[in-house]
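What follows is a short report on a single structure.
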Amino acid sequence: MANRANPLLNNLPHFLTWRALGFRTICSGRMGFSSQSLRQLDPESPVAGTKVLETFKEEFEIGDRLITLESGKIARFANGAVVLGMEETKVLSTVAAAKGDAVRDFLPLTVDYQEKQFAQGVIPNTFMRREGAPKERELLCGRIIDRPIRPLFPAGFYHEVQVTASVLSSDGKQDPDVLAANATSAALMLSDIPWAGPIGVIRIGRISGQFIVNPTMDELSLSDLNLVYACTRDKTLMIDVQAREISEKDLEAGLRLAHPEAVKYIEPQIKLAAKAGKHKKEYKLSMMPDRTLEKVGKLAEAPIEAVFTDPTYGKFERGEALENIMQDVKKVLEEECDEESLRLLPKAVDTVRKKVVRRRIIAEGFRLDGRRLDEVRPLYCEAGNLPMLHGSSLFNRGDTQVLCTVTLGAPGDAQRLESIVGPPTKRFMLHYSFPPFCINEVGKRGGLNRREVGHGTLAEKALLAVLPPEDDFPYTVRINSEVMASDGSTSMATVCGGSMALMDAGIPLREHVAGVSVGLVSEVDQSTGSIKDYRILTDILGLEDHLGDMDFKIAGTQRGITAIQLDIKPAGIPLDIICESLEPARKGRIQILDHMEREISVPRTQDDRNSPRLATLKYSNDALRRLLGPLGALKRKIEDETGARISVSDGTLTIVAKNQSVMEKVLEKVDFILGREIEIGGIYKGRVSSIKEYGAFVEFNGGQQGLLHISELSHEPVSRVSDVVSIGQQLSLICIGQDVRGNIKLSLKATLPRPRSETNNVVEESVSSTKEAPSIWASAGDLSSNGQQNQSSISEAVGINASTSSPPILIRSAAECDEEEKSAALVQNSKATTRPVCASETDHKPITFHQDSSVLAKPGLLQTINDKMSKSFPQKEGDKTEVRSPVTAKTLKIGTKVTAKVYQIRTGGLVLDLGGGIRGMYRFETNGKNDFEVDDELRVVCVSFSSKGIPVMSLEDDE
C-alpha cells in the first residue's frame, strides 16, 4: 500500500506503522487486528504475564458424599468467600461488613440467597429473559442461612453485615440450601468479622424406617422425614422439620443422629480458616454501661414487677403500664441531665423487664398471665363462619385470633415453580398475612415479607401431611390466613384454623392438625456459660417469646409430628433440653385437637346451591382439542360468558364454577360442543341446520345430526315444517330412538305440555340418563336432589308409566332369542347377589337403557316412546283391531289382536309364532303365569314398536 499510494510512507517510524498499532494489512477494503502470534515476533511489543490465583481447598466426606471447600479463586475482594461443592452442585457464599461506627441498637444482618437459571443451563422464561424479584424459595433458603448464624454474633455488634449465597451450578440431585448455609459459615470464618462459629448444617431423611444422611431429591420424595439441623460442637442452633406424622421418639432419634453428622462440617472449616483466614478486626461494640443499667433498675424494677405480678393485665394494658413506667424514669433522668442514660433508656428498661420476668418464672413458676408452665390459653373454634366460601374457620387461642379461608381450584391453577430443584408445580398453597392492625399499629402493605413467607410455609408443611393424594383429590387448594389479633404463635394458630377450614371445605383430611409453641427461660452461669436452671413454657405469649430463649413451634396430629421450626436467641441450647420439650408440646397439642374435634370432626358436605362447585369429566384428547379451539379461543369464550374456570389436562376436563347454576351453564355448553353418549329419553339442545318437507335436520351433541320428523313437531297436526321451526333456531329436543342404520330420531312435542284431553290418560314415570354423571365436588344430597329434578322433568316431557305397563313381547330371530336369554340370566344373577339399598341410594341410581333394546331396564318405557314415534295419533282407549288372517308386517298395527302359538320355551320367556313367518318372544312376569307348553295358543295384542321397528306385544288377558 505504501509503495503504490505514497512512496514517502516507506520512511515512517516504527511506532506509527500498522503492525505496531496492532492492525493487519488492509486487504480488500477490510481492516482487522493482527494475531497474537504475529505480534510476538516483534520484540518491542509488550507481553501480558500469567496471573497465579492462590487457591486453598479442603476435602472431606459425610455419609457417602465427597464435599469440597475452596477459597481464593472466586470473589477475592469479598471479606470472606467460599465455594462449597457436593458432586456437581456448587454454591458460592460471600460476606461483607459495613465500615464505620454503628449508631443503632440491633444487628442489621441481611442474607440474600440466589438461584439463577444459568445454574441448570436454562434461560429464564420471563419477558426480559432475566431473573426478577426474589422468589419464595429464595427467601426461605435465606432464612435457613440466617437463623443459625445470627445468635453467634457478639452482643453489641451492630455493624451492617450482608451475606450473599449464589448457586453456581446444580445437577438437580442435592438441595443447595444446606450447602449454602455451610458455605456461609466457612466464609464468616475466613472474614475479619467477629463471629462465634463455625457451625454445621445437615439434612436427614428416612425411608422405610432407615435414616439417610444428605438424601438426594429423589430420596426425599420417598422419605417421610425432611430434617434440617444446625449446631455448634455441643449445642443446637436451628431445627426445621417436615414429616408425615413421625412420633416424638423417632424424631428424637433423628436429632441425635443429625448432631454428630453436622459436626463433621466444623473441622474442615477450621482448617481452611487457618490457611486462608483473616485476623479478626476490633469492631466497636455498643455495650450498655453498668452504671446506666443499675440506675434504671433501681427506678423501674419495682413498678415493672408489680405489673407482671398482676394477671388481670391484657396485652395492651400491660404495654401501656410499662410505657408509663418508662416515662416516669425518663423524667427523673431529665432532671439529673443524664444524657447517656436517656439515650439508652429503652434498651435499659427492656433489659430490666427481661430480668424481672425470667426471675419470676424460674423462682416461682408463674407466668405473665397467671397460667401454669404447661397450661394452654382458653380456646375458641368456629368452622363455616363464612358460608359463601368453599371453606372458612375462626380460631382463637387467648388473644391470638386467625381467620382462615379455603379456595378450591382446577389442577391448572397450581402454582408454577421455577426452582432449580424440586417439583415444577405446587397444588397446595398457604398464604399467611400479618396486617398492621392486628397489633394496633399503622404500616404499609408491601410485597413478599420474609416473616410472612416463613410462617406461611411452616403451616403449609404442617397441613400437607394430611391432604389426600393427588390421584384421589387432584384439585388445587389455597388457604388464606389473615391474622386478626396477635399475641404470640400466630403461625400455630394458622395451622389449627387451616385444618378446620379444610374440613369445612369438604376436603377429606385424614385427621386434624394442631400446633403449639413451646418456650424456654434459662438461668446461665456467667463464668462457664452453661445453663444452671431452666423452665419449659407451653403456649407462649408474644412477650414471653420476646423475653425468652427460644421459640419452638411444633405441629402435628394425634399420631405424630408433621412440622417443626426452632429459633433461638442465645448461642445454642443443649439438645437434651430440645428433646425434653417435645413431650409438653404433645400434651398441649392434644388439648387443642380435642377442641377442634368438637367443632368439626369430619369433612362437611356442601348443601347450598350458592356454594362453589367443581366437576371433573373424562374425554378423549381429540374432543378436548375441539373444546379448546384455535389457540384456546373457544375455552376463553366459555370462561368469559359464564365466569367459570376450565382446566384441561391429559384426558381430563376440570371445571370450577361459582355456584350450581354457573356449573349447569358450563356443562350445557361443553355438552353442546363435545357431545355425550346418545341416550333414549335424553334431552339435548340443538340448532336447526336444514328443513325438508318431511321434517328438519338438527345439529346437536357436538356436531351430530338428528331428524326431527314433521309428526314430532307438535301435538297438533302440522302442514308445513317451516311454520314451526326455522333454520338456525335453537331447540330443546328429546331423543326418542335410533333406527338400524344409527340415524337419530328427535322429538319436539315430547318436550311440550300435552293437551288436557291427552294428559288425563298418561301417568308420569322417572327416566334416568345412562351417561355417567360428572364427578362434582358437592354433597350426595345435592346430586340426589338434582338427579330427581332432572328425572322428573324428563318424565314430565316423555310421559312414561312403568306401573301400568304389561310384560312386553319382542319379535326376535333365534340368535337374538339366545342372546336375550343370556342377558336375562345375567340380570337375574346380579339381582340375586345385590344387597338391599336404602332410599337415598336408589333415588339417584341410574336406569340403564340399551340402544338395541335387547334388555329393558323398565317395562313400559319403550312402549311410551314408540307411541311418540308412530306417525298416526294414538288410538282411543278400547279401539283394537282383530286380525283373523295370517298377520303381516303391513297389517300388524298398534292394538292389533292376533292368535299366536308357543314356538319355544326359554328361561326368561316364550318364543311365539305369530304367523306369516313372524316370531316374537314373551317375557315372563315376575309373579305371572309361566307354565306354558309348546303349541299352546295365546291371545296377544300389539302394544308398541321398538326403536328398530319391531312390534312389541302383550297378553290380551293382561290388558
Side-chain angles (χ1 to χ4, degrees), residues 62-65 86 137 140-141 143-144 147-148 173-179 181-182 200-231 236-265 421-423 426 428 430 454 457-467 469-470 491-492 495 509-511 513-516 518 552-567 575 578-583 585-586 589:
I62 295 181
D64 57 350
R65 317 286 183 191
M86 181 182 293
R137 170 177 163 79
L140 294 172
C141 293
R143 285 172 56 86
I144 291 289
R147 286 158 52 196
K173 297 180 180 179
Q174 295 290 332
D175 195 327
D177 56 353
V178 170
L179 307 183
N182 286 291
V201 186
I202 197 74
R203 172 173 271 110
I204 301 293
R206 191 180 73 162
I207 301 177
S208 301
Q210 300 295 322
F211 290 105
I212 302 175
V213 180
N214 287 331
T216 63
M217 296 303 298
D218 292 338
E219 291 172 335
L220 276 180
S221 63
L222 304 175
S223 173
D224 62 354
L225 174 67
N226 185 358
L227 165 64
V228 178
Y229 181 86
C231 64
T236 301
L237 289 169
M238 185 267 295
I239 297 175
D240 198 274
V241 173
Q242 179 180 357
R244 298 175 188 170
E245 297 177 284
I246 187 173
S247 66
E248 282 77 9
K249 181 180 178 180
D250 292 342
L251 178 63
E252 181 178 348
L255 293 173
R256 297 195 181 278
L257 170 66
H259 189 91
E261 294 294 333
V263 170
K264 295 179 181 179
Y265 278 98
V421 293
K426 184 169 70 171
F428 176 62
L430 193 150
T457 302
L458 173 63
E460 181 182 297
K461 292 190 292 188
L463 295 171
L464 190 61
V466 297
L467 283 179
E470 187 172 0
S491 61
M492 295 295 96
V495 174
L509 300 184
R510 288 205 300 273
E511 53 184 314
V513 183
V516 67
V518 176
F552 195 13
K553 301 182 179 71
I554 305 175
T557 65
Q558 296 273 5
R559 297 193 296 176
I561 295 171
T562 58
I564 282 180
Q565 180 177 296
L566 170 65
D567 295 320
L575 182 58
I578 301 297
C579 296
E580 184 182 345
S581 303
L582 295 176
E583 182 59 24
R586 187 190 66 82
R589 186 173 76 245

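The first residue of the sequence shown is numbered 1, and numbering continues consecutively from there.
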Just to verify, what does [X] make a side-chain hydrogen bond (donor to acceptor under 3.5 Å, both in side chains) with, not counting sequence neighbours?
| X | result |
| --- | --- |
| Tyr265 | none |
| Glu470 | none |
| Gln558 | none |
| Lys426 | Glu460 |

Examine distances only and state if a side-chain atom of Arg510 and a backbone atom of Ala465 form a donor-acceptor pair shorter than 3.5 Å.
yes
Spell out, as yes or no, whether a donor-acceptor pair under 3.5 Å connects the side chain of Thr457 to the backbone of Gly454.
no
Side chain to side chain contact (heavy atoms under 4.5 Å, CB included) between Ile564 and Leu251, worked out:
CA-CA 10 Å; Ile564 282 180; Leu251 178 63; 3.1 Å; yes
If you define the side chain from C-beta out and look only at heavy atoms, does anything of [X] sit under 4.5 Å from [Y]?
| X | Y | result |
| --- | --- | --- |
| Leu467 | Leu509 | yes |
| Leu458 | Met492 | yes |
| Met238 | Ile144 | yes |

Measuring from [X]:[atom1] to [Y]:[atom2], what's the distance to the nearest 0.5 Å?
| X | Y | atom1 | atom2 | value |
| --- | --- | --- | --- | --- |
| Ser223 | Arg244 | OG | CZ | 7.0 Å |
| Arg147 | Leu237 | CZ | CG | 11.0 Å |
| Leu179 | Met86 | CG | CE | 5.0 Å |
| Met217 | Gln174 | CE | CD | 9.0 Å |
| Gln565 | Ile554 | CD | CD1 | 11.5 Å |
| Leu255 | Tyr229 | CG | OH | 6.5 Å |

In plain terms, say whether Glu583 and Arg586 are close enough for a salt bridge, that is, a side-chain N and a carboxylate O under 4.0 Å apart.
yes
Ion pair Arg143/Asp240, N-O distance below 4.0 Å
no
Lys264: which residues meet the salt bridge (Lys or Arg N to Asp or Glu O under 4.0 Å) condition with it, sequence neighbours left out?
Glu261
Looking at every heavy atom in both [X] and [Y], which two are closest together, and how far apart are they?
| X | Y | answer |
| --- | --- | --- |
| Ile561 | Ala243 | O-CB, 3.6 Å |
| Cys231 | Thr236 | CB-CA, 4.2 Å |
| Ala258 | Leu227 | CB-CD2, 4.2 Å |
| Arg589 | Ala555 | CD-C, 4.1 Å |

When you look at Gln242 and Leu220, which way does the side chain to side chain contact (heavy atoms under 4.5 Å, CB included) test go after all the steps?
CA-CA 11 Å; Gln242 179 180 357; Leu220 276 180; over 6 Å; no
Exercise answer: donor-acceptor pairs, residues 201-215 side-chain atoms, under 3.5 Å, sequence neighbours excluded:
from   : atom 1 : to     : atom 2 : distance (Å)
Arg203 : NE     : Asn226 : OD1    : 2.9
Arg203 : NH1    : Asp177 : OD1    : 3.1
Arg203 : NH2    : Asp177 : OD2    : 3.0
Arg206 : NE     : Asp224 : OD1    : 3.2
Arg206 : NE     : Asp224 : OD2    : 3.4
Arg206 : NH1    : Asp250 : OD2    : 3.1
Arg206 : NH2    : Asp224 : OD2    : 2.8

